Protein chains: 2
Amino acid sequence: MAAPLTREQILNTTEQVLRRFGLDKTSVVDVARALGVSHGTLYRHFSSKAALKEAVAERWLHEVSAPLAIIVENAGSALEKTQLWLERLIHIKQSKALEDPELFAMYNALAEESVESIEKHINDLISQLTQIVEEGMQAGEFQNADAREVASAVFYATARFHHPALAKEWISPAINHEFEQVWNLLVSGLLIRK
Amino acid sequence: MAAPLTREQILNTTEQVLRRFGLDKTSVVDVARALGVSHGTLYRHFSSKAALKEAVAERWLHEVSAPLAIIVENAGSALEKTQLWLERLIHIKQSKALEDPELFAMYNALAEESVESIEKHINDLISQLTQIVEEGMQAGEFQNADAREVASAVFYATARFHHPALAKEWISPAINHEFEQVWNLLVSGLLIRK
DNA sequence: CAAATGACAAATATTTATTTTTGTCATTTG
DNA sequence: CAAATGACAAAAATAAATATTTGTCATTTG
């Protein structure tokens with residue numbers, strides 16, 4: 001037992017086991033066995049199975065929001081950045097859903113169990129978008145208004161394209177074209193009228 | 001047995017039984033018993049239990065689309081009519097979901113089983129909206145474009161507020177304000193720039 | 001003595017046995 | 001003879017019996 005068991009190790013292994021066995025068939029004993037420890041040990045690191053699953057969910061949600069944070073810091077006009085940010089968000093979600101629908105469904109079910117983690121995640125995303133919108137307003141590019149409310153409106157108006165509850169409908173080949181149409185409509189609402 | 005059994009009677013009774021017993025607990029025998037006939041008789045009117053449920057689902061979906069069809073024929077500007085139509089659609093869905101969440105969930109599960117009925121329903125709704133948008137374009141009120149594509153974009157941009165898969169989120173008291181914000185954004189995209 | 005173990009009870013989940021339901025059709029009814 | 005019936009087999013759902021899992025904690029290990 002030279003190596004002390006770390007939180008990271010546990011989460012990595014839990015993810016592996018979840019991917020192998022699925023959300024329903026994964027027990028704490030399975031995870032402990034994969035780590036080569038007794039299941040009692042896991043309870044010294046996480047207070048419950050729910051807490052363990054929540055930690056995995058949070059890590060997964062962070063994998064979505066982290067690459068988007070980079071776009072906020074990008075160069076470019078606010079309009080370009082807003083479009084890029086939305087397209088990136090939509091691409092991340094839709095490609096995950098398309099590549100491995102079962103795994104995507106599993107992570108969403110996992111996240112669904114941690115309502116607070118999701119709320120924080122949505123809040124993170126809208127905050128990122130708010131920063132871009134604020135920039136656009138300060139630069140005189142976007143119409144002046146409450147930046148967070150505008151960002152929320154843009155986020156919710158595009159929900160069809162990134163909300164996991166609507167993933168079933170992303171198989172339609174028209175989906176990209178539909179996003180373009182919605183985006184066209186939104187652009188006029190954002191920009192200053194000339 | 002003086003009265004001949006009609007399709008309407010069967011559907012009325014099926015709805016009653018579904019409301020009483022729920023989607024999972026309702027059997028063809030239950031419906032037959034409520035009608036005072038043998039279950040074999042029902043198979044002379046509907047080819048399967050699925051066909052019976054589909055007919056109920058279609059009737060329910062029609063109750064949503066029918067009152068909206070009236071708005072299309074209303075007087076008023078295209079913008080007013082578009083707003084009224086959306087607000088009415090959203091109100092119908094959200095009030096049903098709020099008043100009796102279980103019944104709402106049941107009818108949605110029922111409809112979910114009949115993919116084609118749903119597709120037809122969505123198509124109906126977008127066709128209604130297309131008619132209003134077309135009017136707006138012909139009257140020089142809306143920017144000229146493919147009316148159906150614009151109508152689809154408006155419909156999908158407001159999905160958060162009427163798509164039954166997102167009903168869980170309608171409990172938020174902010175939901176009406178969020179719709180207003182999205183609507184504000186869309187208005188600029190619809191109207192001719194002055 | 002900090003970290004891990006494993007025996008244990010209560011809560012969950014799975015399997016198996018039993019019952020109900022669906023859909024058909026030869027027969028009955030008015 | 002059109003409409004309805006009800007006995008029946010196959011499929012599906014439910015309930016009962018069995019096994020696993022979760023979470024605790026007194027004990028062990030290095």
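Values in this document were obtained by computation on a predicted structure and should not be read as measured data. Lettering follows sequence order; numbering is per chain, from 1.
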Check this for me: does any side-chain nitrogen of one of A:Glu112 and B:Lys168 sit under 4.0 Å from a carboxylate oxygen of the other? yes

Re D:dC8: Watson-Crick or G-U wobble partner, both distances kept under 3.5 Å, found to be C:dG23

Same cluster or not: B:Ile92 versus B:Leu103, using hydrophobic residues (I, L, V, M, F, W, Y) connected whenever any side-chain heavy atoms lie under 4.5 Å apart? yes

Integer-rounded Å distance: D:dA12 P and B:Asp24 CG: 15 Å

Considering only heavy side-chain atoms of A:Thr41, the closest of D:dA4, C:dA4, D:dG23 is C:dA4

5' precedence on DNA chain D between A:Asp30 and A:Ser47 (nearest-nucleotide basis): A:Asp30

Would you say A:Lys25 places a side-chain N or O within less than 4.0 Å of OP1 or OP2 belonging to C:dT14? yes

Under 4.0 Å, heavy atoms only, any strand: does A:Val29 hit a base, just the sugar-phosphate, or nothing? base

Does C:dT29 have a Watson-Crick or wobble mate here (both distances under 3.5 Å), and if so which one? D:dA2

Is the shortest side-chain N/O distance from B:Lys49 to OP1 or OP2 of D:dA12 below 4.0 Å? no

Scan B:Ser38 against the nucleic acid and name what it touches under 4.0 Å (heavy atoms): base, sugar-phosphate only, or nothing. base

Could you go through the side chain to side chain contact (heavy atoms under 4.5 Å, CB included) check for B:Thr158 and B:His162 one step at a time? CA-CA 7 Å; B:Thr158 52; B:His162 54 68; 3.0 Å; yes

Quickly, which of A:Lys96, A:Glu102, A:Arg19 forms a side-chain hydrogen bond (donor to acceptor under 3.5 Å, both in side chains) with A:Tyr107? Name it, please. A:Arg19

Counting side-chain heavy atoms from CB outward, which of D:dT22, D:dT14, C:dT22 is closest to B:Tyr43? C:dT22

Whom does D:dA15 pair with, Watson-Crick or G-U wobble, provided both distances fall under 3.5 Å? C:dT16

Tell me: CG of A:Leu52 to P of D:dT21, nearest whole Å? 15 Å

With a 4.0 Å limit, can you tell me whether B:His45 has a side-chain N or O closer than that to the phosphate oxygens OP1/OP2 of D:dA4? yes

Nearest to the A:Arg44 side chain among D:dT22, C:dT5, C:dG23, which nucleotide is it? C:dT5

Selection from D:dT14, C:dT22, C:dA4 that lies nearest to any side-chain heavy atom of B:Ser27: C:dT22

Could you state the CG-P distance from B:Leu35 to D:dA3, rounded to the nearest angstrom? 17 Å

Taking donor-acceptor contacts at under 3.5 Å, does the side chain of B:His39 reach the base of D:dG6? no

How far apart are the C-alpha atoms of B:Ser127 and B:Thr130, what are their side-chain angles, what is the distance that settles it, and do they pass the side chain to side chain donor-acceptor pair (under 3.5 Å) test? CA-CA 5 Å; B:Ser127 296; B:Thr130 301; 5.5 Å; no

